[in-house]
Every structure is written in structure tokens, then in C-alpha cells.
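Residue numbers start from 1 in every chain, and the chains themselves are labelled A, B, ... in the order their sequence lines are given, proteins ahead of strands. Quick caveat: nothing in here was measured; it's all calculated off a predicted structure.
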Number of protein chains: 2
Amino acid sequence: MLGREILAGHWRAGERIPTESVLAASLGVAVGTLRKAVAELEQRGMLERRQGSGTYVRARAGRVKNIYEFFRLELLQGGGLPTAQILAVDAAPLPKALIAHEQPSWRSGWRIRRLRALNGTPVALEEIWIDQRHALTPAFSEALYQFYKEQLGFWIARVQDQISVDALPAWAPAELGLQAGAACTYIERQAWSNSQVVEEVSRTWVHPQRARYCARWP
Amino acid sequence: MLGREILAGHWRAGERIPTESVLAASLGVAVGTLRKAVAELEQRGMLERRQGSGTYVRARAGRVKNIYEFFRLELLQGGGLPTAQILAVDAAPLPKALIAHEQPSWRSGWRIRRLRALNGTPVALEEIWIDQRHALTPAFSEALYQFYKEQLGFWIARVQDQISVDALPAWAPAELGLQAGAACTYIERQAWSNSQVVEEVSRTWVHPQRARYCARWP
DNA sequence: AGGAATTTGTGCGTATGTATC
DNA sequence: AGATACATACGCACAAATTCC
């Protein structure tokens, strides 16, 4: 769980994470158990511990080498090559639920609705908002984060996901294989750019019999 | 301490070492502490653990890459390049103290007396017995274990050291910088060849102000 | 085939030492 | 000088895998 949190970017590089006792208490485990987990992450190079000081998130050596660095869905049997099909692009207000955390600096945004597939199988429905001042050239299609970096000049450095369950919205296409109102794994995301401003908020409904949320590590 | 035991060859490759509770008790530590130590050695590739079965000594991947694999002396400040100067070679009976463990298959042996130096500084006196049937060509001088391997066709696979304190013998040369009778670190060694027979027994007196016994690991 | 004993795996809670702030 | 936070260690309980009878 800790590794997932780190890769999901809940703490930024160099930041000090909560102390052993606080983390252990919040996760409901004993300090010794937490220490073992942290030691493993330290050995993997994800954390750095300094006695008397704290535990810090280590900066990744090779930055954003993988365009799917923040992609968190996988088939139930594991893996799957992600693709996306755009359903609609329009201007629409952000749902209040999506700005519960940090407020984006922009108030009006593009709304992008996509159908996500893994290995060609539709697995999820995405609804994404980005700053309306960005020019949406036809170049954006599959890898949105890559589009940000190459066309818009910033890149996603950190994301925060919140996972729950929600009913599939009415605009879901039939290809997803679920009826509107069906219970789906539901992900709300805020994404921060390299300049540490909220560049994107999104929500995703995942077909629970086809894919799952899974933070992976290298 | 465990790593030293393993590198000293007190258990042979593939052998199962005592259980956690036994080892912990014999070392006077708690089981958890021992587990941490064993986990570290496992990570270093020296041990292999199997749940429900036991803990086993792993065969070294690259065998005897270092001719000083079983060399256990170092300067007080650490390290030092080992050299040896032969003082005498003759045939002499094995002291009873040296055959207290496993009996060598041979009874009459060559006795080699050497002065050991580290970085040119004399640090120890060695007295070594090997099977008298071996032909001592002039090739043997510095690295005796290498001589065994290249000239005699076997190699040392395992040694067992026993460390105590003993008085320096009368035949010690003045260069060692200690008077006869001076208290020295004293090492008795039995060395097993790849065919698992005792090929060598030795004893070493170490100048306590110049060097120390130290099992090192890669 | 099955069950008991053995051995490592995981986890809890606590106390104390040491480095840093 | 004191508070904070990680490092090390102890002892215990139970789970899971293996081994042995």
C-alpha cells in the first residue's frame, strides 16, 4: 500500500512522509510491521531514511520514462496495452466532487470523455477536465499525458487518486458491456504538472469484471 | 558473526544450519534479532531460507575467485596486501592440539614455517602441515592455496578456525617485533579440500598490535 | 492417507539507544 | 537542553509450508 501511495504521487519527491508511529497508526498496523515495509521500499530506492530526521521520498532517477507511468488500470489477469477512444469533447463545468482537494487555478475547462480499452477490450469510461485555455489540437488522442508534454509544454509529475464505487453514468456506450447504473470501481484523480499546479482532474468508471485499479512498481 | 561463520566454512554449501530458535539461543539474542541478521545474509546470497524446511548455506556462484578467499588477517587500520616469507620446510609430527577436530587421513606431513606480512609489515607467524606425499616444488611461495590448486590439483573449499591466545614460540624471527613468549592472537585451522578431506592444518600467531583476525565478506 | 511435529513467515507491543532538529 | 524520529532489540502469538512418522 505504501509503494502504491508513493507511485501514485501522494507525496512529492524529496518530501518527508509521516513518522513511523503516525503511519503505523493510520494504517492500523504495528510499528515493527510498518518498519519492515518501509525498509523494503527503501531498498527498492523509493524511500530514503535518515535517523533522527525522517523518511523521505526519493526522486526517481529516470523521470517519466514511461508514458504510462501514471496509468493504473490492468486486466484481471494482469497487464494489457492501453488504448483510448474519444467519445466527446466539450466545455462543461467541473463537478463539485472533483475539486474537493486542491482547487485548480482555472475554473472553466474542456471536458473529454473517452472509452478506455486494454488489449482492445473496453474496460473503463473516463471523464477528464483540463484548462480551457489549452489548445486542443487534433494531436491528442491516445496518450493524453504525452500530448500535454509534447504539445502543451508541461508534464504530469504527480497524481492523486481516490477510489470508491459509483454507478455507471447514462452516457456510457454499449461497448463497455455494462448497463447505466451498474456499480463500477470509481476513481477520482487530480493531476499536478511539473510546475505543481493542478492541470487536470478526472474521473473513471471501471468495469469491475474486466479490469482493476492497480499501482504497479518497476 | 553469522556471516563470518559461513565464510569461515563452518557449514558447507547446501548444508542446513541450526534453526532460528537454536541459533538465537546459542548466540544469546532474541529470535527476531537473529531473523534480521539471517535476512540480511539471505539478501547477500549467502543463505537460502525455505519455510517449513530450514535455512541453507548457498553455494557461492563464482567459486574461489579470490585467492585470499580464506585469508583472515588484516591490519588494525584495515586491509593490507598479504605476502609470505618461508622460514623453514621440514618433516615434523603434527602437534596433538591440531588434530583435535577431524583427523587428517595422513599422519606424516611437511611442516612449513612462514612469516606473514601485510603491506610489507610482518604481522604473523605461520606453521603449516600438509600431506608429505605432496611434492613441494619451488613453485610454492606466497599463495599456498593457489599452489595447491595449480600444482597439486585440489583446492581448499572449507576452513575452520579456532581463535585463542598463545605465547609466541621461540623460533619467531626478530622482524616480527615481539619477544618469544609474548601473548599473541592464536589461530588453529583445519582446511578441507574440494574432496572434503583434511588437506592442511595450521597454526598462526598474530602480532596483536599490528593485525587482527577478521572474516570479511565480498 | 493423514496427522503431528518442526521450521520459517508474519505480526504485535514495548523498551531503550542514537541522531537530528 | 529538550523534543522528535529512526535504529535496535526483546519476547510472544499464530499462520503456513515442510517433513516425518
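At whole-Å resolution of the value, OH in B:Tyr56 and C1' in C:dT8 are 11 Å apart. Between B:Ile17 atom CD1 and C:dT8 atom C1' there is a gap of 12 Å when expressed in whole angstrom units. Atom-to-atom, CZ of A:Arg16 to C1' of D:dC6 comes out at 11 Å; the value is rounded to the nearest Å. We find that CD of B:Gln51 is positioned 5 Å from C1' of D:dA17, with the value rounded to whole Å. One atom, NZ of A:Lys36, and another, C1' of C:dT10, lie 6 Å apart when rounded to the nearest Å. Between the P atom of D:dT8 and the CZ atom of A:Arg35 lies a distance of 7 Å, rounded to the nearest Å. Protein atom CD of A:Glu42 is 18 Å distant from nucleotide atom P of D:dA5, rounded to whole Å.
A heavy atom lying under 4.0 Å from DNA chain C marks the following residues of residues 19-34 of chain B, by number: B:Thr19, B:Glu20.
Distances shown here put a side-chain N or O of B:Ser53 below 4.0 Å from the OP1 or OP2 atom of D:dT19. Taking 4.0 angstrom as the limit, A:Arg49 places a side-chain polar atom (N or O) nearer than this to OP1 or OP2 of D:dA7.
Salt bridge status for A:Arg203 with A:Glu188: absent, with no side-chain N to carboxylate O gap under 4.0 Å. Under the 4.0 Å criterion applied to side-chain N and carboxylate O atoms, B:Arg189 and B:Glu126 are not assigned as salt-bridge partners.
Open room surrounds CD on B:Gln179; 12 or fewer heavy atoms of other groups in view lie less than 6.0 Å from it.
Of the possible polar contacts, none joining the B:Glu20 side chain to the B:Gly32 backbone as a donor-acceptor pair under 3.5 Å is found. A donor-acceptor pair under 3.5 Å is absent between the side-chain atoms of A:Arg49 and the main chain of A:Thr55, judged by distance alone.
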With pairs defined as Watson-Crick or G-U wobble and both distances under 3.5 angstrom, please note down DNA chain D as a dot-bracket string, | for pairing with another strand. .||||||||||||||||||||
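Note: A:Phe147 and A:His134 fail the aromatic proximity criterion, with ring centroids not under 6.0 Å apart.
Interatomic distance, B:Leu75 CG to B:Leu118 CG, rounded to the nearest 0.5 Å: 4.5 Å.
Between A:Phe154 and A:Tyr148, the two ring planes are parallel [angle under 30°; tilted spans 30° to 60°].
Of the candidates A:Ile128, A:Ile112, A:Asp131, A:Glu200 forms a side-chain contact (heavy atoms from CB on, under 4.5 Å) with just one, namely A:Ile128.
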